[in-house]
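To keep things clear, I will list the structure first and then write my remarks on it.
The figures that follow rest on heavy atoms only: side chains count, while hydrogens, waters and symmetry mates do not. Just so you know, ligand 1 is whichever comes first in the structure, and atom 1 is the first atom listed for that ligand.
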Amino acid sequence: MDLGEGLRQALAKLTRATIIDLKTIKEFNKSLQKALLSADVEVQLVLRLTKEIEEKALTSNPPKGLSPKDYITNIVYEELIKMVGSGYEPEMKRKRILLMGLYGSGKTTTAAKLAKFYQERGMSAALICCDVSRPAAYTQLETLARQANTPFFGIEGEKDAAKIAKEGFDRFKDKQIVICDSSGRSALDDQLVNELKRVNRLFPSAERILVVSADTGQVAGRQAREFDAAVKISGVIVTKMDGSGKGGGALSAASAASAHVMFIGTGEKLSNLEPFDPSKFIGGLLGIPDIESLVSYVNKMVAESKIDAKKLEAEELNFETFYEQLGAMGSVGSLKGMFSMLGASDVPKEAIEQGEEKLKKYKTIIGSMTKAERKDANLLHEPGRIARIARGSGCTERDVRAMVSEFNKMKKAFNMLKNDRNFKKRFKLG
Ligand SMILES: Nc1nc2c(ncn2[C@@H]2O[C@H](COP(=O)(O)OP(=O)(O)OP(=O)(O)O)[C@@H](O)[C@H]2O)c(=O)[nH]1
Ligand SMILES: [Mg+2]
């Protein structure tokens, strides 16, 4: 299973979730960890990511009308974006580029794609074949260079890559962009490392780009680390993003080597190369092509709910405001929602049912109060008022007194909560 598939399956499990509580998040994070780990993303990185998600999901609240799934998707998206780093904006300036990578990763094709990319942006470019191990490499790049309308240099039969590189870079001194293709191998062995090191020594300021195929998902991370250790890489190009891998490899490679993904290869044609766009890439992984619209929707909802929370904080709790809240809560199940909002999702069903019964009674009692009484509870100390309210609501005087006393307790708790840091954090008031 590739990373994208794993992420999508983890998110799909949230479809049925009605609230976001610790249990939901823990379960989700478990699937997420499984998906990331199996794609060879580093353990520490995975743990940091899931911890971050847990904290974010539990300390902020999904605004009304937003499903837990959309809300968590957004959080996951934001964290993954942090992980792959920012997008790449290729600078239009003089560069020497050395492409490296394992056998068949797409180096030669990418070399020609890069030449075309920079030429189309007004730069002069040239290609050098430093692949000294595969006999057909020379002709392949020569043909591609012709297609891209780019000058080409190579020495057929020469076995010393550094020698070819030196001659080629000399010849193309006046070119702004010079791209050097190198040998592939089935693993990064000593011979390849030495070859790359020698070429690198000749051109210490060259960009050293690792070309990784998206379908190498599982081992891309390790590959990037190995190349990075051998010849400090400056960036990664992920090819074959149009294939089945869905780019799990890119995520691993970029995070493992803490090197930026620079370009994405999206097909065999020379025009199939794009500068890396994190939101498009992560959106693709999560199976949400228009992730930007989800993000802006979530942000809008969060902004709106912030306003509500501010109002809640400013509000003085009295019978009047309490009554309004009760009115808003009308339907069964709302108390459960309120508890989960406050982070107490494991309140027993019986307690909730009893609570709702009680609240219904409170509603009738407050309904029999005058406007003045609702605003100022002190008025209830005046003789006769309690008896009148009891008659009006069909309750006993004892019921009314019990309600007033519970209300006062609640008010105290409410004021304490209002000043509580965690509560503020939960509602983003702090
Ligand atoms: N679909 C798709 N195919 C690609 C992409 N990039 C390269 N390929 C194909 O992958 C195959 C290998 O590409 P090469 O450029 O020859 O790879 P290489 O790394 O130079 O290979 P060696 O020199 O043998 O190590 C070719 O058939 C390419 O057409 C891509 O982004 N998408
Ligand atoms: Mg090649």
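- Using a 4.0 Å cut-off to heavy atoms of Asp131, the atoms of ligand 1 that qualify are 23 (O).
- Neither side chain, Thr73 nor Asp70, offers a donor N or O lying under 3.5 Å from an acceptor on the other.
- Remark: the backbone N or O of Asp190 is paired with a side-chain donor or acceptor of Asn194 at under 3.5 angstrom.
- Heavy-atom proximity to atom 22 (P) of ligand 1, evaluated over Gly184, Gly265, Ala137, Gly104, is greatest for Gly104.
- For ligand 1, the atoms lying closer than 4.0 Å to a non-hydrogen atom of Thr266 are 31 (O).
- Close approach of ligand 1 to Thr108 is summarised as follows: ligand atoms under 4.0 Å from at least one heavy atom of the residue are 15 (O), 18 (P), 20 (O), 23 (O).
- Only the side chain of Lys113 comes within 4.0 Å of ligand 1, judged by heavy-atom distances.
- No hydrogens or angles considered: a donor-acceptor pair under 3.5 Å links the side chains of Thr150 and Gln119.
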TODO: Mind running side chain to side chain contact (heavy atoms under 4.5 Å, CB included) on Ile128 and Phe172 for me, showing each step along the way?
DONE: CA-CA 9 Å; Ile128 305 175; Phe172 296 131; 4.1 Å; yes
TODO: Starting from the C-alpha separation in whole Å, work towards a yes-or-no answer on side-chain hydrogen bond (donor to acceptor under 3.5 Å, both in side chains) for Asn29 and Ser31.
DONE: CA-CA 5 Å; Asn29 269 343; Ser31 333; over 6 Å; no
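- Remark: Lys166 NZ is loosely packed, at most 12 non-hydrogen atoms of other residues, nucleotides or ligands lying under 6.0 Å away.
- For an aromatic pair to be called close, the ring centres must be under 6.0 Å apart, and Phe203 with Phe169 satisfies this.
- In this structure, Arg225 forms no cation-pi arrangement with Phe227, as its terminal cationic atom is not both closer than 6.0 Å to the ring centre and no more than 45° off the ring axis.
- The shortest N/O to N/O separation between Arg134 and ligand 1 falls below 3.5 Å.
- For a distance bound of 2.8 Å, the N, O or S atoms of Thr108 include one lying that close to the Mg ion (ligand 2).
- Contacts between Gln140 and ligand 1, counted as non-hydrogen atom pairs separated by less than 4.0 Å, involve the side chain only.
- Defined by atom type and a distance below 3.5 Å, a donor-acceptor pair is missing between the side-chain atoms of Ser234 and Glu207.
- Using a 4.0 Å cutoff on heavy atoms, Gly101 does not count as a contact of ligand 1.
- Comparing heavy-atom distances from atom 17 (O) of ligand 1 across Gly267, Ser186, Ser182, Gly106 singles out Gly106 as nearest.
- The closest non-hydrogen atom to atom 31 (O) of ligand 1, taken over Lys107, Lys269, Lys240, comes from Lys240.
- Of all atoms in ligand 1, listed by their number and element, those nearer than 4.0 Å to a heavy atom of Tyr103 are 24 (O), 25 (O).
- Close contacts between ligand 1 and Thr109 involve ligand atoms 7 (C), 13 (O), 14 (P), 15 (O), 28 (C) [criterion: under 4.0 Å to a heavy atom].
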